[in-house]
Amino acid sequence: MKSLADRTNDLFQSNIRAVTLMLKGSNGINLGQGICDMPTPEPIKNGAKRAIDEDRSIYSYYGGIDRLRSALVDKSISYNRIPVSDPDEILVTVGSTGAFVVTMFTLLNPGDEVIVFEPFYGYHVNLLKVMGAHLRYVTMTGPDWSVDFEAVESMVTDQTKAIIVNTPGNPNGKVWSRSELEQLLEIMQRHDLFGITDEIYEYLLYDGREHVSLASLPGAFERTITLSGFSKTYNMTGWRLGYAVGPESIIDKMGLLSDLIYICAPTPLQYGVAEAFEMDTRYFVDMAKAYDEKRALMCSTLEEIGFIVPWPEGSYYVLADFSPLAGRDEGFEDDVTACKTLVDRAGVGTVPGHSFYERAEDGRFFLRFCFAKELPVLEEACRRLKAALGGHQE
Ligand SMILES: Cc1ncc(COP(=O)(O)O)c(C=O)c1O
């Protein structure tokens, strides 16, 4: 039989799934996968049920239903301060992942270079590789995950086409400041680069931090595609609804590609999620408060055990450094061993740090914990971790 396409050669089941399989059947708690097990808000569920009952079941316009795109124009102006004015600057997609795919197809030729910050979100990197892009990595360093902009500029070549930003970030919870985004924009402008910004965790912020959208900075909109979605904000990862915001000339081509690949996002679910914009804005306040409590529980538990914990500024992950445990306990020689140790001793799943770095060595002493769990489940996970690994001995 002839071989499969070369682009499939480097595709393997992710570590995240592997941990899920390890935990299956053992009453384990999975803090690995970034799925929130909280319920989807009732108004959204009821909106979708109504749309199904009313047989709003045919393909929608490929760019999304009017009501949702108009709501997204208003939200992009009021929350993100992005200078949009027309629904044609919005594309509703099959998850923000679908938006990322069509952005790549629209902007990149094989061989184009793209700058990515690490620790990175694996889907960005793997999709870019499948797309034939060449990746240039800039490492953010803890504890505040700062960015060396001279290093960024030194990565730019004649082939560089785009820079990827993820704020608030997965896996490290970094929230890019206005000043950092301004410095990035200067580089984008100096070298005529596109910015692609994944803002799916835009409402998950801690310690009074502000979410700044790159596209809101003066002069940024024309060269920036903003990606977001509903999966994380409304606990609906399986609904597969996201969107892109950008200049009409680019969104137009992205829409045609989205049409070719997906035809449209699921129509009745688009009607459902449109209800989110009628909900009381207290929803966001309550959500942030609940996550703040979970962040504190997760991070202080890890600190008690002896991890070095850069508390996330946003999102619902913490990338914790277990190097102090490596000298103290057996089973912490590297990230894969540590991940297995936590499964075996505590029944808790995490993600090994090398999943977020180009060079496995750079992630060797990190584990990612996701705290988007119902509080009792997270409490139980923290109890198990403390019981299995004990407190920190000075
Ligand atoms: C940074 C980031 N972007 C995108 C996604 C996926 O979003 P969606 O469900 O909208 O495709 C995730 C999910 O973990 C993520 O962490």
Side-chain angles (χ1 to χ4, degrees), residues 14-17 19-20 30-38 40 44 64 68 72 75 80 90-105 114 116-128 130-131 140 145 162-176 195-205 211 213-214 225-245 254 258 261-262 264-266 269-270 272-273 276 291 312-319 349-351 353 355-357 368-373:
S14 72
N15 287 306
I16 302 181
R17 291 264 161 71
V19 171
T20 308
N30 194 353
L31 303 184
Q33 231 167 0
I35 40 174
C36 19
D37 55 11
M38 275 81 71
T40 308
I44 298 180
L68 183 54
L72 287 167
K75 175 263 176 192
N80 305 88
I90 307 283
L91 174 68
V92 176
T93 51
V94 177
S96 74
T97 307
F100 189 74
V101 169
V102 293
T103 308
M104 298 295 99
F105 268 118
V114 178
V116 176
F117 295 94
E118 62 176 5
F120 50 66
Y121 169 55
Y123 274 66
H124 289 160
V125 162
N126 292 330
L127 278 168
L128 283 160
V130 165
M131 222 51 91
M140 300 184 276
W145 306 108
I163 301 190
I164 314 278
V165 179
N166 175 208
T167 181
N170 172 8
N172 59 1
K174 177 183 173 66
V175 172
W176 284 62
I196 300 158
T197 154
D198 178 337
E199 302 182 8
I200 188 116
Y201 298 102
E202 61 193 326
Y203 289 106
L204 291 177
L205 301 159
H211 173 66
S213 288
L214 175 63
I225 301 296
T226 306
L227 311 177
S228 193
F230 307 97
S231 290
K232 313 290 175 168
T233 309
Y234 300 105
N235 313 323
M236 45 195 291
T237 50
W239 285 45
R240 311 309 307 126
L241 287 174
Y243 57 93
V245 185
M254 285 171 56
S258 190
I261 303 172
Y262 308 108
C264 67
L269 305 189
Q270 291 188 56
V273 88
Y291 274 116
E313 300 167 337
S315 84
Y316 50 50
Y317 306 97
V318 52
L319 191 62
T350 58
V351 182
S355 321
F356 310 109
Y357 287 89
R368 189 193 74 177
F369 296 79
C370 169
F371 48 87
K373 293 276 152 199

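One-based numbering, in listed order, for ligands and for the atoms of each. Computed over heavy atoms, backbone and side chain alike; hydrogens, waters and symmetry mates excluded.
- Near ligand 1, residues G95, S96, T97, Y121, N166, N170, D198, I200, Y201, S231, K232, R240, Y317 come within 4.0 angstrom through at least one heavy atom.
- Note on ring orientation: taking the six-membered ring where Trp is involved, the planes of Y123 and Y121 are parallel (angle under 30°, cut-offs 30° and 60°).
- Residues M140 and F117 share a closest heavy-atom pair of CE-CB, 3.9 Å.
- For E202, the salt bridge (Lys or Arg N to Asp or Glu O under 4.0 Å) partners two or more places apart in sequence, or in a different chain, are K75.
- Remark: Y243 engages F230 in a ring pair (Phe, Tyr, Trp, His ring centres under 6.0 Å) (not counting sequence neighbours).
- Counted by atom type alone, E199 and T226 present zero donor-acceptor pairs between their side chains at under 3.5 Å.
- Taking the ring pair (Phe, Tyr, Trp, His ring centres under 6.0 Å) definition, one finds that Y203 meets it with Y79, F284, sequence neighbours left out.
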